[in-house]
Amino acid sequence: AGERRGVRAAYRQLRGLAVNANQIAYALNRGVLTGAGAELTKAEVKALRQDVAKLRMALSVYAEGRFQFQSGEDDQP
């Protein structure tokens, strides 16, 4: 139960990161993200979004593997 809670929390964190990356991209597209020393480029935001997607995929693979292990499905040849 504790592990499942941790996986769900990790998914929520990644969803939050994705939302933040989308908000940054939106602000960059509108040209509003200029103050406070913001020097992000579109390529950097794109890389951030790709990193979040890779992390989400890795978490999905981990969660699927844990489910298969816990349910005994990984014993199949």
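Numbering starts at 1 and runs along the sequence shown. Quantities reported herein were computed from a predicted structural model and do not represent experimental measurements.
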Can I get a per-line list of side-chain donor-acceptor pairs under 3.5 Å for residues 52-61, giving both atom names and the distance, sequence neighbours left out?
from: S60; atom 1: OG; to: Y11; atom 2: OH; distance (Å): 2.9
from: S60; atom 1: OG; to: R56; atom 2: O; distance (Å): 3.0

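Nearest heavy atom pair, residue V7 against residue A63, reads CG1-CB, 4.0 Å.
Here I24 contributes atom CD1 and L48 contributes atom CG; the two are 6.0 Å apart, rounded to the nearest 0.5 Å. The CG atom of N22 sits 11.0 Å away from atom CG of L17, with the distance rounded to the nearest 0.5 Å.
With sequence neighbours left out, E64 forms a side chain to side chain contact (heavy atoms under 4.5 Å, CB included) with Q68. Not counting sequence neighbours, Q13 has no partner by the side chain to side chain contact (heavy atoms under 4.5 Å, CB included) test.
Connection of V19 to L28 is not established within any shared hydrophobic cluster, with ILVMFWY side chains joined at heavy-atom distances below 4.5 Å, either directly or through further cluster members.
With K46 as the fixed residue, the side chain to side chain contact (heavy atoms under 4.5 Å, CB included) test singles out one of E44, R49, Q50: Q50.
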